[in-house]
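Chain letters run A, B, ... following the sequence lines, proteins first, then strands; residues in each count from 1.
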Amino acid sequence: MNILRRELRASWRTLLAWSLIIGLMSVMMMALFPAMMGTTQDLEEFIKLFPPEMVKAFGMDRMSFGEPMGFFGTEVYIIVILTGSIFAALLGSGILAKEEDDKTVEFLLAKPVSRSSVLGQKILAFVLVLLAFNLVVAMSNFLGFALFVKEPYSAATLALLSAAPFFAHLTFASLGFLSALFWTRRRAAYSVSIGVAIGTWAIGLISLISDKLAALRWISPYRYVEAADIYTSGRLEPLNIGLLLLICGAALALALALYRRRDITV
Amino acid sequence: MPAIETVGLRKFYGKARGIEDVSLTVDEGEIFGFIGPNGAGKSTTIRVLLNLIFPTAGEARVLGLDPVTEGRAIRAQIGYLPAEVGYYEDMTVRSLLEYSAGFYGMDAAATRSRINELCGAFELDTKRNTHALSSGNRRKVGIVAALLHRPKLLILDEPTGSLDPLMQARLFEVLGEENRRGTTVFFSSHVLSEVQRFCHRVAIIKDGRVIKVEEVSTLRAGRFQKVRIALTSAERPTLSVAGIVHQQTSPDGQHLELLYNGNINELVRELAQLDLASLSLEEPPLEEVFMHYYETAPADAGPKEA
């Protein structure tokens with residue numbers, strides 16, 4: 001567990017920065033809610049100006065701005081899930097790519113530890129970091145509601161909306177981890193994994209805007225944890241979460257299988 | 001049981017050659033030198049032994065174990081210094097060494113005293129950040145990390161690179177001590193003289209093949225010298241002394257360059273007959289020794305005649 005401890009210590013500061021900044025953003029955005037609520041009518045008029053596809057894409061057909069959970073779902077949730085996914089992509093790819101990039105891999109792999117254990121500990125490290133990140137953000141979400149929302153709201157729905165991004169984050173971290181086997185320079189691995197995190201987001205949007213491209217919907221991990229779905233159903237769809245976990249599992253299993261037979265590249 | 005044994009070891013990266021045919025045996029308790037010019041395959045061989053890369057063909061045994069299937073058990077008994085050492089940017093020398101020691105299950109008190117002992121010997125400041133170190137100091141950290149857990153076998157890839165002469169001497173002192181305690185030392189180098197001075201045996205690798213394994217006592221009988229002679233006039237002398245491996249005369253006949261591997265007294269006596277403008281002796285680069293000696297001389301002629 002030497003490597004795990006080392007990785008947690010190394011990620012500590014980044015984790016603190018990302019979780020506090022995103023947590024703070026969640027609280028600050030909720031601070032805007034009371035002002036928004038006063039102008040609900042204008043807002044609804046305003047939204048009508050947009051093409052219906054766009055409204056649908058942002059889930060505004062099923063969630064209302066004028067209601068706290070709807071506001072959270074359309075505004076805050078996007079920020080948390082998207083920025084968190086970028087953080088996760090950086091984390092997952094960097095935790096592996098840095099060893100070859102900094103030429104520390106020869107130091108590490110010359111130690112009496114199996115390659116599976118090296119990867120296992122690194123995976124555990126990024127899972128724990130993402131859990132901590134989402135925990136801090138979840139607490140910030142509740143703090144924002146406690147401070148600025150006077151209306152009744154469902155704490156259970158807020159809890160679900162706070163938990164759901166974790167699964168998307170885990171997916172992007174796992175894909176980033178796998179990508180670091182092919183792009184062993186940190187910068188390249190970052191670009192690829194952030195590209196995946198933002199690219200699939202864009203694909204998800206496009207799939208909603210155009211009916212012809214609706215099938216693309218399933219490529220985007222974000223679609224499996226969409227705020228409007230959770231908001232309307234009041235639950236996380238087990239099949240969706242299962243699929244995301246399956247992608248994670250497949251990516252990590254592939255990374256493990258490849259890494260065990262791999263030549264170091266420095 | 002030999003400490004290291006390879007038979008026909010081969011590693012290709014696609015079509016690019018790493019090593020072609022490396023067969024050698026390092027006995028337990030030996031100090032074994034592995035010399036060859038840059039790109040000959042020294043690091044590739046070493047990396048196969050540590051299972052950092054996978055061999056294309058051939059066999060390797062380290063401490064009787066197979067690097068591919070029993071790599072972990074091997075690495076538990078090995079201290080390794082990579083040719084190019086990288087460190088984690090947020091670590092001090094001490095925290096890096098403690099991290100390294102942690103993999104071998106050393107207890108905190110033993111780790112601390114061993115770190116102090118070795119860092120004292122190599123004059124390393126343990127509070128420095130590993131990223132701010134000079135290349136010589138980085139190498140020293142790597143050496144200390146390799147020695148820390150008192151391994152049975154030390155594998156050092158170009159350990160003297162970027163060390164000043166004082167530290168090189170210190171290194172070989174420490175390695176000698178470890179060796180007397182029973183540690184086998186296997187190190188690569190491209191400097192013939194250090195290998196000659198400290199090893200029991202050497203393997204010479206060129207273009208991915210081990211071309212010779214020799215007792216150092218044999219090598220020691222002759223010392224290669226690069227002799228540069230400038231004459232006051234264009235004499236074009238013919239030197240008849242034995243041991244001239246290669247001779248080159250400048251077009252003007254005033255400058256001579258010899259690769260000499262014989263009795264230095266005989267050479268000096270011979271040169272005394274000439275009217276010299278200047279004379280210099282230096283250690284030839286290994287490549288040159290190979291080029292003119294190991295390639296042209298029959299394998300068993302060796303440098304014995306000196």
Side-chain angles (χ1 to χ4, degrees), chain A residues 1-17 90-91 94-122 125 129 180-182 184-187 189-190 256-266, chain B residues 11-14 16 18 43-44 46-56 67-91 95-106 130-131 138 141-142 145-146 148-149 151 154-157:
Chain A
M1 290 296 107
N2 226 338
I3 299 170
L4 174 65
R5 209 164 42 231
R6 156 89 200 123
E7 290 302 344
L8 291 179
R9 195 168 298 170
S11 327
W12 171 244
R13 270 189 219 158
T14 346
L15 166 65
L16 201 69
L90 289 173
L91 179 70
I95 207 166
L96 193 54
K98 68 176 177 188
E99 300 284 357
E100 303 214 2
D101 203 7
D102 293 343
K103 299 184 169 42
T104 49
V105 65
E106 271 194 286
F107 172 88
L108 187 63
L109 294 184
K111 300 289 169 241
V113 52
S114 71
R115 293 195 181 190
S116 317
S117 169
V118 171
L119 286 208
Q121 293 186 56
K122 281 179 179 282
V129 169
L181 263 88
F182 303 97
T184 53
R185 298 296 162 257
R186 222 195 237 107
R187 206 177 280 188
Y190 283 170
L256 217 68
L258 292 174
Y259 200 71
R260 285 173 56 114
R261 293 293 310 176
R262 185 166 189 276
D263 290 343
I264 59 163
T265 61
V266 293
Chain B
K11 172 67 186 176
F12 271 72
Y13 300 94
S43 294
T44 303
I46 287 176
R47 285 174 164 196
V48 169
L49 298 178
L50 279 127
N51 194 221
L52 295 168
I53 55 179
F54 291 78
T56 312
V68 175
T69 56
E70 298 159 303
R72 206 179 136 191
I74 292 174
R75 294 192 297 270
Q77 309 174 67
I78 280 188
Y80 171 52
L81 172 76
E84 202 184 336
V85 219
Y87 297 122
Y88 301 95
E89 42 185 272
D90 56 335
M91 283 183 143
S95 57
L96 180 97
L97 293 173
E98 284 171 349
Y99 180 46
S100 180
F103 285 95
Y104 303 91
M106 289 174 71
T130 49
H131 238 60
R138 291 165 80 80
V141 173
L148 209 50
H149 50 285
L154 277 166
I155 297 183
L156 311 171
D157 200 350

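- Residue contact with chain A, scored on non-hydrogen atoms closer than 4.5 Å, is absent for Q77(B).
- Your options are K98(A), R115(A), R5(A), and the one with the most heavy-atom pairs under 4.5 Å with chain B is R115(A).
- Looking only at side-chain heavy atoms (C-beta outward), F107(A) and P82(B) stay at 4.5 Å or farther from each other.
- Side-chain contact between Y99(B) and N2(A): present, with at least one pair of heavy atoms (C-beta onward) separated by less than 4.5 Å.
- D263(A) and K11(B) are joined by a salt bridge, as a carboxylate oxygen and a charged side-chain nitrogen come within less than 4.0 angstrom of each other.
- Expressed to the nearest 0.5 Å, how far CD1 of I264(A) lies from CG of N51(B) amounts to 10.0 Å.
- For the pair E106(A)/L81(B), no side-chain contact is recorded, criterion being any heavy-atom separation below 4.5 Å from C-beta on.
- Your options are G71(B), A76(B), A145(B), and the one with the most heavy-atom pairs under 4.5 Å with chain A is A76(B).
- Residues L108(A) and Y88(B) are in side-chain contact: their nearest non-hydrogen atoms beyond the backbone lie under 4.5 Å apart.
- For R261(A), the parts lying under 4.5 angstrom from a heavy atom of chain B are both the backbone and the side chain.
- Considering only heavy-atom pairs separated by less than 4.5 Å from chain A, the leading option among I155(B), L52(B), L50(B) is L52(B).
- By the 4.5 Å heavy-atom criterion applied to side chains, R6(A) and D90(B) are counted as neighbours.
- Counting heavy-atom pairs closer than 4.5 Å to chain A, the top-ranked of the candidates A73(B), G102(B), G79(B), G142(B) is G102(B).
- Only the backbone of R260(A) comes within less than 4.5 Å of a heavy atom of chain B; no side-chain atom from C-beta onward does.
- Looking at I78(B), there are no atoms closer than 4.5 Å to chain A (heavy atoms on both sides), in backbone or side chain.
- Proximity to chain A (any heavy atom under 4.5 Å) is shown, for S95(B), by neither the backbone nor the side chain.
- R72(B) and V113(A) get closest at one heavy-atom pair: CG-N, 3.6 Å.
- Taking CZ of R47(B) as the reference point, atom CG of L109(A) lies at 10.5 Å (rounded to 0.5 Å).
- Using a 4.5 Å cut-off on side-chain heavy atoms (C-beta onward), K111(A) and Y104(B) make contact.
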